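Only a predicted model underlies this, so the values are computations on that prediction, with no experimental measurement involved. Only this structure's heavy atoms are used, side chains among them; waters, hydrogens and symmetry mates stay out.
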Amino acid sequence: MLDENGYRLIDCGDGRRLESFGGVICDRSAPMALGRKSLPREIWSSADLVYNEVDKSWLGTPPREWTVDFSGIKFSLEAASNGQVGVFPEQQYNWTWITETIKNAGRTVKVLNVFAHTGGSSIAALLAGAEVCHVDAAKSANSRAKINAGLSGCSEKGVRWITDDAIKFMAREVKRGNMYDAVILDPPAFGRMGKTIWKFEKNMPELLKLTHKILSDNPLFFLLTSHNTGWSALIQKNFVKCNASELTNDSAIICDMKIEGEGNSLPLGASLKVVY
């Protein structure tokens, strides 16, 4: 069991997930939790917060100040109307990998983190000593990321916070000749921001081509995570190979992301890691 300030998956099933975030137990939606719940009803009834998918609301009152700590990467949480709390726990293994890979590089590394959300990967890179450009189209996500970076003890000097569309920003960076040693992409399967609609299969080929152009002449790594229902890690690797073969190689690490639970475990997408 993790420290009460950390995270643990307690159980999942029947389209729900039961988790502890900093000691606050949440029962919320999980489309990939297809099997039956493993633990008894009394365990599930211990939830402090329960998300109602129908009216997009939470039963229970979240703490006024609520945080969770992933081995030094800290997040300020809130129970949002979309069922999210402000952190994606399946990424914790990628955060460890990012930190170790940058530390082992033995040089200053410029990192571009796109679809950066509330900053987990950006903070992992900053804590390893990298220079980071953090990009997300949602101003609220970037505001939360800044708070999280402060909680985690990161200096503002090493990071640029950019609120912009991913493809538009990267295209401008290519024209400006700004290049990066590492690129992190965590796009949604589907997203909408104002009049702009994002669809993974439709928009990713262009984003991958821009990624190849924006990598420096001495690149360190490329990391892509996705959350497409029915996509395995191998399907994701083949997709990248078909659309931007320069980004992957035979030594690429592919894995289906999941969180081990005390009851059932929960699948949550796939990742592709390439070290050059």
Side-chain angles (χ1 to χ4, degrees), residues 1-33 37-53 56-99 115-124 127 136 138 140-154 186 188 225 227 257-269 271:
M1 183 176 296
L2 293 179
D3 180 87
E4 64 178 7
N5 294 320
Y7 168 83
R8 60 191 173 98
L9 173 65
I10 301 170
D11 193 18
C12 64
D14 300 322
R16 308 289 297 183
R17 57 199 290 179
L18 188 67
E19 305 158 287
S20 176
F21 293 92
V24 178
I25 299 177
C26 300
D27 174 353
R28 58 185 182 136
S29 307
M32 294 302 292
K37 297 172 182 175
S38 176
L39 298 181
R41 182 176 299 176
E42 54 264 29
I43 299 295
W44 281 79
S45 65
S46 68
D48 301 296
L49 298 171
V50 179
Y51 181 67
N52 185 329
E53 185 75 38
K56 309 297 181 184
S57 66
W58 293 82
L59 177 65
T61 303
R64 182 171 297 177
E65 295 183 1
W66 179 24
T67 62
V68 65
D69 187 336
F70 289 84
S71 301
I73 301 177
K74 300 177 182 179
F75 295 84
S76 172
L77 305 181
E78 63 175 346
S81 59
N82 61 359
Q84 299 293 344
V85 297
V87 63
F88 298 92
E90 67 273 15
Q91 294 285 352
Q92 59 186 301
Y93 307 106
N94 291 327
W95 298 332
T96 299
W97 181 85
I98 289 167
T99 300
F115 298 100
H117 307 297
T118 54
S121 294
S122 296
I123 294 168
L127 291 175
D136 198 278
S140 58
N142 286 338
S143 297
R144 184 69 57 172
K146 292 180 183 180
I147 293 172
N148 296 337
L151 289 172
S152 303
C154 296
D186 182 30
T225 55
H227 312 275
M257 296 191 300
K258 65 179 180 179
I259 303 175
E260 300 289 341
E262 297 172 19
N264 293 326
S265 296
L266 181 62
L268 285 165
S271 70

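Of the possible donor and acceptor atoms, none in the side chain of D136 sits under 3.5 Å from a partner among the backbone N and O of N142. Within the 3.5 Å criterion, the main-chain N or O of Q92 finds no donor-acceptor partner in the side chain of Y7. In this structure, N148 contributes its side chain and T118 its backbone to a donor-acceptor pair below 3.5 Å. In terms of modelled atom types and a separation under 3.5 Å, the side chain of S152 and the main chain of K74 share a donor-acceptor contact.
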### Query
So L49 and I25, side chain to side chain contact (heavy atoms under 4.5 Å, CB included) or not? Walk me through it.
CA-CA 6 Å; L49 298 171; I25 299 177; over 6 Å; no

### Message
Checking L266 against E260 for the side chain to side chain contact (heavy atoms under 4.5 Å, CB included) test, could you report, in this order, the C-alpha distance in whole Å, the side-chain angles of both residues, the deciding distance, and whether it holds?
### Response
CA-CA 7 Å; L266 181 62; E260 300 289 341; over 6 Å; no

### Task
In sequence, state the C-alpha distance, the side-chain angles, and the governing distance for F75 and W95, and then conclude on ring-ring contact (aromatic ring centres under 6.0 Å, His included).
CA-CA 13 Å; F75 295 84; W95 298 332; 5.3 Å; yes

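Summarising the geometry of L39 relative to I10, their closest heavy-atom pair is CD1-O, 3.5 Å, with the distance given to 0.1 Å. Here the shortest heavy-atom pairing between P267 and S265 reads CD-O, 3.9 Å. Taking all atoms of both residues into account, the shortest heavy-atom contact from N264 to L9 is O-CD2, 3.8 Å. Closest approach of S29 to Y51, counting heavy atoms only: OG-CD2, 3.5 Å.
Listed by first and then second residue, the salt bridge (charged side-chain N to carboxylate O under 4.0 Å, His left out) pairs that reach into residues 75-91 are E78-R144, sequence neighbours excluded. Annotation: salt bridge (charged side-chain N to carboxylate O under 4.0 Å, His left out) contacts involving residues 11-20, sequence neighbours excluded, comprise R16-D27, R17-E19, E19-R28. Residue pairs meeting the side chain to side chain donor-acceptor pair (under 3.5 Å) criterion with at least one partner in residues 58-73, sequence neighbours excluded, do not occur; the list is empty.
With sequence neighbours excluded, no residue satisfies side-chain hydrogen bond (donor to acceptor under 3.5 Å, both in side chains) with S140. Among residues two or more places apart in sequence or in another chain, the side-chain hydrogen bond (donor to acceptor under 3.5 Å, both in side chains) test is passed with E42 by none. Listed by chain and number, the residues in a side-chain hydrogen bond (donor to acceptor under 3.5 Å, both in side chains) with T225 are Q91, D186 (sequence neighbours excluded).
Taking 4.5 Å as the limit, some side-chain heavy atom of L77 sits within range of a side-chain heavy atom of V68. The shortest side-chain heavy-atom distance between D48 and C26 does not fall under the 4.5 Å cut-off.
The OH atom of Y93 sits 9.5 Å away from atom CZ of F70, with the distance rounded to the nearest 0.5 Å. One finds the CD1 atom of I123 at 5.5 Å from the SG atom of C154 (value rounded to the nearest 0.5 Å).
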